[in-house]
Amino acid sequence: MSAPIVSIRNVSRRYPGGVTAVDNVSIDIAQNEFFALLGPSGCGKTTLLRMISGLDTPSEGQIFIGGEDMALTPPNLRPTNMVFQSYAVFPHMTVQDNVSYGLRVTGVAADETKRRTAEALEMVKLSHLAARKPDQMSGGQRQRVALARALVKRPKVLLLDEPLSALDAKLRDDMRLELTRLQETVGITFIIVTHDQDEALSMASRIAVMNKGAVEQIATPAELYEQPRNRFVADFIGKVNLIEAAVLKQTGKKVSCLTHGLGNIDVTSDKSCGDKATVAIRPEKLKISTTEPKGAGLIKSRATVRDVAYYGDTSHIVADAADGLNLHINVQNNTRTGGAGVDRGQKIWVHFNPTDALLLTE
Amino acid sequence: MVFFIIPMAFLFVLSFSSKAIVNGETSTTAYDYFNTFGNYIASAGTSYLVLLWRAIWTSAIATFVCLILAYPLAMAVCFAAPKWRPILLLLLILPFWINLLIRTYALYSIFRSTGVVNQTVGLIGLGPYEMLNNTTAVIMGLVYVYLPFMVLPLYSTIEKLDRSYLEASLDLGASQARTFWSVTWPLTLPGVITGIILVYIPCLGTFLTSDILGGPNNWTIGNAIQNQFLEANNWPFGAALSFILLYATFIALVIRALVAGRSKGVDA
Amino acid sequence: MSTPLKPGQGPLEYARRPWIIILFGLVLIFLYAPIASLIVFSFNVDKSGVWHGFTFMNYVKAWHNEAIFAALTNSITIAILSTVFSTIFGAMTALTLWRFKFPFKNIYEGFVALPIVVPEICMGISLAMFFNYTGMMAGVRDWIWPFNLINIVFAHIAFCFPFVAVVVRARLQGFNRQLEEASKDLGATELQTFTNVLVPFMAPSLVAGGLLAFTLSLDDFVITLFSSGPGSVTFPVKIYGMVKRGVDMQINAASTVLIVITLAATLIAMKLQAPSKTGH
């Protein structure tokens, strides 16, 4: 990886009164990345974003932007720009004046200001609304103004604070694609804060999952989903069956364990485990059948269907296995008739390939 | 329904009384003393215009001082930690509830030639200074008395102002000063105007502050009105003076309405 | 501003800027020092600006000063009477404006608010003229106390009730009309609905408005000065007379008493209003 454009080094933010919003966080973000800070509300992700922009300052630690420590540089002197959650489009200025504001206040020549403003408006397809006031515009249009206003400054890093949360579902999907397209065209590093995992997974090239002020894992979307580092990440990203297990024996990478409800399972793990661990398996990796499945090494168990929820493309099944274990199973509705093909109360077989399961030790 | 209407009608009349009765009486006196009334305007016009003019500009200075003091204070209260906000605001507006006369008297007694301030500077061999009976004293008194009227509307406007506007401005490269003039000030203008009106109008009509702190040389139109009523006993003329004051008030209100109308939608 | 930020302090934390803290402190000194000095010197043995020893004599003298005592009694009597009436009228005005639509409502609303914006001195003299020309000024002079105060009470009601109306109206703005409908749906009559639903809802604003009227009435000097006859002097008018004759520590003592009364009333009003704000 080339020199990171943003490098966060051991940053903490404590508030008077003893609340620690961000706790000793270190992240490197490369040029041209679409980076997401993901986590439940109150996990410190917005505080971290605001510290990158300079709207807040760390209690300890350094923030390098383009190789320079800017932890205490005022926001107006940083090469970052922000799209606010509320958009913060100035209500007393026209769209044109909003977009040109950042150029006007930093003394960019008038003709250049005019040209770049026009370009930015063109880029977000708002040229025809340049003379409008924000109160005559929809939420989606105001968001485009906020985007153009930030991008016109050609920042090294564009910061987006929950940019899609105020939009309705349909518009949100369109905007997601548009943001990815924009990021590819302008070639600027994007850092987005979101609590919506779908948003992060579908847009970002890398994601930092945060919880209680600390970073739990930094990885690509696929890695996060398939190789979560701990229970929090596994549980936060997507749905997962977490099965308690006692470790019986570890020889090299092969770990034998006794699960609560599914009997003995052998899984591979890079790390050495203690006595206890958790076996994680995604609902779509579980299969069901009405007859006993055959196949070498398959893990299988009898279960009773407790609930079936129909979602159109998939059906979600909850089944009771041994020892009070609940299993969540997602099945594709591959045919137009039949749905999941099972009914409440029906006895079924649940099976999976042990390579699809993951051993979590934290 | 009857229960409402009768007292309402009574109040309706009463609420009109202040104006309607004055109008009525002015016109009857105008019949009797029509010439006298006209003469007053003509002969005493200039000297009373001086008093009116003095009221207008001392009030303007006092209002301005109130504004430049109250704005940072209101900002400080709004941007303080939430648990401190009500306490700080209360500290600033509590004096408003203390009797106007008592406050003016308190100011008078510490600044008089044998007051605490002069006694204190006297300890280091200075003074005594004559700190009263001048225009500065009147302006100081007006600021002292009416500062809370400026703080309140500013506080409520700034408090409603979405902070992310200021943050966006800073983030886009504007300095703190530029952010203030381009974003904060225009967005809080409605509160500023309300504050100016709330301070300016009572300042215009003041007679207590100018009487106690300013002395006869610093009389304003309010003192003239009082004088006409309580001493000179020339009621029609006093009424005319007070109507001039009322017109000035209404002009101020109209200006406010016009400005507020123009900056509509800006009300943060 | 290119000065670097401080660790753990955002760029908008103006309340922590030293110059603002200093300004805040200076303004508080400016606001409170004169009042504090007034209170402190009410315990001074003489009337100079120098501390010569502690005494309660000024309070005792003020208490035994019949003119001051009468003025204080007058003030409190007037304040109580005008509070009661202006609360009733103010509440009714607010209800009418809130509940009914009628022609020229806006104009009427404007007139209700007029006493708030008209300079006090204009209102004072207009009332004085009114009392004089209707003969009320001379007429009530020889009436037995407290009826000789009736002009002042009228005047105070006239300028206090709009404030009550504004406070009550603001409270009514937050009323959920469905509560009223629910009450009627459950079988209550119009009057039962009013007393069981609307009045309890209005109650905090009635108390707050009433206390506001009380302090306004107790404080008023300008309007009272013009509408009071020679026999009906209120406390502020009396002080004004004394101030014109020079500094006297009895004024300080009596003023301290009045400050304590008004501040107590104000703080009670604020306490009562605070929960109603979070209520909706």
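Numbered from 1 within each chain, the chains take letters A, B, ... in sequence-line order.
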Which salt bridge (Lys or Arg N to Asp or Glu O under 4.0 Å) pairs, counting each pair once, include a residue from residues 50-68 of chain A, with sequence neighbours left out? A:R13-A:D56, A:R14-A:E60, A:R50-B:E167
Going by the side-chain hydrogen bond (donor to acceptor under 3.5 Å, both in side chains) test, which pairs reach into residues 53-63 of chain B, not counting sequence neighbours? none
Interface residues of residues 150-161 of chain A facing chain B - non-hydrogen atoms under 4.5 Å apart: A:A150, A:K153
Have B:D162 and B:S164 got a donor and an acceptor in their side chains that come within less than 3.5 Å? yes
So, B:T188 versus B:Y71: side-chain donor-acceptor pair below 3.5 Å or not? yes
Are the charged groups of A:R9 and A:D28 less than 4.0 angstrom apart, N to O? yes
The complete set of ring-ring contact (aromatic ring centres under 6.0 Å, His included) pairs with one or both residues in residues 96-152 of chain A, sequence neighbours excluded, reads A:F90-A:Y101
Residue, of A:N81, A:T80, A:L55, that accumulates the most heavy atom pairs under 4.5 Å with chain B: A:N81
